[in-house]
Protein chains: 2
Amino acid sequence: MNVKGKILIADDEPDIVEIIRYNLTKEGYEIVTANNGDDAIQKAKLSQPDLIILDIMMPRKNGVEVCEILRAQPAFKDTVIVFLTALSDESSHVKGLETGADDYISKPVSPKILVSRIHAMFRRINKEPEEKVIKIDNLEIDPVKFEAKVDSKAVVLAKKEFELLYLLASKPGRVFLRNEILNQIWGNDVIVGDRTIDVHIRKIRQKLGIDCITTVKGVGYKFTM
Amino acid sequence: MNVKGKILIADDEPDIVEIIRYNLTKEGYEIVTANNGDDAIQKAKLSQPDLIILDIMMPRKNGVEVCEILRAQPAFKDTVIVFLTALSDESSHVKGLETGADDYISKPVSPKILVSRIHAMFRRINKEPEEKVIKIDNLEIDPVKFEAKVDSKAVVLAKKEFELLYLLASKPGRVFLRNEILNQIWGNDVIVGDRTIDVHIRKIRQKLGIDCITTVKGVGYKFTM
DNA sequence: ATATTGAGTTCACAATTTGTTAATATGTGA
DNA sequence: TCACATATTAACAAATTGTGAACTCAATAT
């Protein structure tokens with residue numbers, strides 16, 4: 001079987017690492033392992049994996065720290081990072097996802113679930129960068145031409161406005177939390193005031209002239225037609 | 001074999017504990033034991049098990065009390081709690097399920113049945129923790145879209161209302177204590193009056209227009225269709 | 001070099017929605 | 001029936017978002 005992808009597993013418990021390695025190797029993935037935070041960063045840089053599984057609790061930098069460090073580097077911008085967390089530890093989930101992880105898997109890990117989740121992740125990775133035109137009703141958004149059309153009439157949007165609209169329209173109906181929007185459009189580390197999003201939303205609504213963005217108070221915004 | 005999960009057994013009869021421990025250890029579970037109510041609470045907090053087996057009749061806080069206390073803490077939100085009851089004692093069943101238990105097993109325990117029930121429970125636990133759409137009859141609750149539908153007709157719920165409905169509907173039939181609801185939706189430290197919950201419940205009932213939340217006097221609320 | 005323009009942001013305040021409380025009514029079980 | 005818990009209602013408080021105007025900063029034009 002040909003190699004489906006390269007995965008880095010970082011966990012200080014050898015047993016866990018072995019279970020995961022065994023199951024994923026069997027599925028055709030190439031596996032690299034690390035047993036502490038610093039090691040994980042080293043190995044990540046060396047082997048440039050497609051996906052990184054990070055235990056939260058590790059000696060010498062925990063998973064969250066490792067994730068932050070890696071995410072700060074352009075080389076790992078698109079690398080999928082998955083956290084391993086104790087089932088109960090909810091704060092880690094939140095913290096993890098806020099830190100730029102793509103998903104988390106709860107321990108104890110069931111091999112079956114692990115494998116299916118990893119498969120799913122790779123499916124997402126391989127799905128070509130969806131720079132594709134979105135068409136919903138009389139609205140058309142073309143990320144290549146950087147252009148939006150309402151009733152075939154072009155609407156000029158500023159960069160941020162366009163990105164925001166594209167983000168929301170990419171998953172119609174789904175609510176994007178303000179945090180999520182900030183991370184997606186502005187980046188993890190940029191700090192902008194709370195009203196900023198509102199102002200851009202308003203401009204989009206204004207310019208498009210159609211009511212396609214719904215406010216979900218206390219939660220975020222969603223695209224609806 | 002790798003550890004499938006951690007189970008806490010609380011029963012004051014050493015024989016019972018040993019039978020259960022033996023059988024579940026053989027199946028690859030990690031076992032923690034307690035022999036009275038207070039001890040059970042202690043051990044639960046310390047070892048954070050995935051599943052707790054509680055005898056109803058125990059010295060120093062009975063099973064129901066232990067369950068109530070644990071359920072009031074967010075850390076045990078997703079912990080599966082199973083009661084051990086004497087076969088005859090039907091009122092315990094009722095009381096138990098009303099208190100937030102997920103299942104009960106009748107004594108005397110047949111090892112075979114015990115193991116299969118526990119397996120089943122763990123299958124449920126491992127079902128991905130992802131927020132997923134709840135569909136019950138003509139009601140649909142989508143946490144991603146933050147939207148509820150009755151007969152395919154969207155109903156607009158405020159944040160708290162939605163969270164509350166989602167909580168109740170996530171385990172249909174299970175009673176949520178007022179305490180539990182407070183901890184889940186408002187958080188440990190926030191203090192709000194008792195009537196607040198009622199008001200939100202009422203709004204949900206009103207907005208949905210269907211009778212799906214049942215009041216359990218003196219205990220809490222449960223979702224029923 | 002200086003003015004102009006527009007994106008992006010921030011701010012203060014208005015508008016609105018949501019959440020909470022308190023007071024009263026209603027219902028239910030011992 | 002009498003307590004007690006919940007339902008209901010409306011008034012109030014708090015939180016969140018919308019809005020218009022001003023400001024910063026580059027890029028571009030004059």
Side-chain angles (χ1 to χ4, degrees), chain A residues 146-148 154-168 175-187 189-224, chain B residues 68 91 94-95 98-99 146-148 154-168 175-187 189-224:
Chain A
F146 213 86
E147 176 183 79
V155 175
V156 181
L157 293 176
K159 188 174 162 231
K160 281 258 160 33
E161 291 158 16
F162 189 88
E163 289 175 340
L164 184 45
L165 174 63
Y166 190 78
L167 174 67
L168 295 179
V175 177
F176 288 83
L177 314 182
R178 295 180 98 88
N179 260 335
E180 253 177 294
I181 295 175
L182 285 178
N183 285 335
Q184 293 289 325
I185 310 287
W186 278 264
D189 35 3
V190 183
I191 299 167
V192 291
D194 250 14
R195 298 289 111 252
T196 302
I197 295 180
D198 306 25
V199 174
H200 286 285
I201 293 280
R202 176 180 42 148
K203 285 201 168 175
I204 296 171
R205 298 212 252 233
Q206 230 168 35
K207 288 186 177 179
L208 291 187
I210 54 179
D211 181 31
C212 60
I213 297 176
T214 306
T215 304
V216 183
K217 263 207 156 194
V219 186
Y221 294 93
K222 66 178 171 182
F223 185 95
T224 40
Chain B
E68 277 178 356
S91 58
V94 181
K95 184 75 182 153
E98 276 182 357
T99 310
F146 215 91
E147 176 183 79
V155 176
V156 181
L157 294 175
K159 192 178 165 209
K160 281 254 158 42
E161 291 158 17
F162 188 88
E163 290 175 337
L164 184 45
L165 174 62
Y166 190 77
L167 175 67
L168 295 179
V175 177
F176 288 83
L177 316 181
R178 294 180 99 88
N179 253 337
E180 231 180 310
I181 294 175
L182 285 178
N183 285 333
Q184 298 293 321
I185 310 285
W186 277 264
D189 33 2
V190 184
I191 299 167
V192 291
D194 251 15
R195 295 298 109 243
T196 302
I197 296 180
D198 306 23
V199 174
H200 286 289
I201 292 280
R202 175 169 167 281
K203 284 197 172 174
I204 296 172
R205 284 172 170 159
Q206 217 170 40
K207 288 187 177 179
L208 290 187
I210 54 179
D211 181 31
C212 60
I213 297 176
T214 306
T215 305
V216 183
K217 249 195 127 165
V219 187
Y221 295 92
K222 67 177 171 182
F223 185 96
T224 41

Between [range] and DNA chain C, which residues have a heavy-atom gap below 4.0 Å?
| range | answer |
| --- | --- |
| residues 193-203 of chain A | G193(A), R195(A), T196(A), V199(A), H200(A) |
| residues 208-221 of chain A | K217(A) |
| residues 155-162 of chain A | A158(A), K159(A), K160(A) |

For [X], all residues meeting salt bridge (charged side-chain N to carboxylate O under 4.0 Å, His left out), sequence neighbours excluded:
| X | answer |
| --- | --- |
| D194(B) | R178(B) |
| R202(B) | none |
| K207(A) | E161(A) |

Checklist entry - Can you list every side chain to side chain donor-acceptor pair (under 3.5 Å) pair that touches residues 209-221 of chain A, not counting sequence neighbours? => result R205(A)-T215(A), T214(A)-T224(A)

Item to check | Steps toward side chain to side chain contact (heavy atoms under 4.5 Å, CB included) verdict (L165(A), L208(A)) | outcome: CA-CA 10 Å; L165(A) 174 63; L208(A) 291 187; 4.0 Å; yes

Next on the checklist: If the cut-off is 4.0 Å, is R205(B) near the phosphate of dA7(D), judged by side-chain N/O to OP1 or OP2?
Outcome noted: yes

Checklist entry - Going 5' to 3' on DNA chain C, which nucleotide is the first and which the last to come under 4.0 Å of a heavy atom in chain A? => result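 In short, chain A contacts DNA chain C from dA7(C) to dT18(C).
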
Item to check | Results of side chain to side chain contact (heavy atoms under 4.5 Å, CB included) for E147(A) - residues two or more places apart only | outcome: K145(A), K149(A), A154(A)

Item to check | Partner residues of V156(A) under the side chain to side chain contact (heavy atoms under 4.5 Å, CB included) criterion, sequence neighbours left out | outcome: none

Hey, could you give me the [atom1]/[atom2] distance between [X] and [Y], rounded to the nearest 0.5 Å?
| X | Y | atom1 | atom2 | answer |
| --- | --- | --- | --- | --- |
| L157(B) | L164(B) | CG | CG | 10.0 Å |
| I204(A) | I213(A) | CD1 | CD1 | 4.5 Å |
| I191(A) | L182(A) | CD1 | CG | 10.0 Å |
| I197(A) | I201(A) | CD1 | CD1 | 7.5 Å |

Item to check | Criterion side chain to side chain contact (heavy atoms under 4.5 Å, CB included) on K222(A) and V216(A), from CA distance to verdict | outcome: CA-CA 7 Å; K222(A) 66 178 171 182; V216(A) 183; 4.1 Å; yes

Checklist entry - Do Q206(A) side-chain atoms and K203(A) backbone N/O form a donor-acceptor pair below 3.5 Å? => result no

Next on the checklist: If I take atom CG in residue L177(A) and atom C1' in nucleotide dT17(D), what distance separates them, rounded to the nearest angstrom?
Outcome noted: 16 Å

Next on the checklist: Could you work out how much the helix from dA1(C)-dT30(D) to dA30(C)-dT1(D) bends, comparing the axis of its first five pairs with that of its last five, to 10°?
Outcome noted: 20°

Item to check | Residues T196(B), H200(B); criterion side chain to side chain contact (heavy atoms under 4.5 Å, CB included); working and verdict | outcome: CA-CA 6 Å; T196(B) 302; H200(B) 286 289; 3.8 Å; yes

Next on the checklist: F162(B): which residues meet the ring-ring contact (aromatic ring centres under 6.0 Å, His included) condition with it, sequence neighbours left out?
Outcome noted: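 Expected list: F146(B).
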
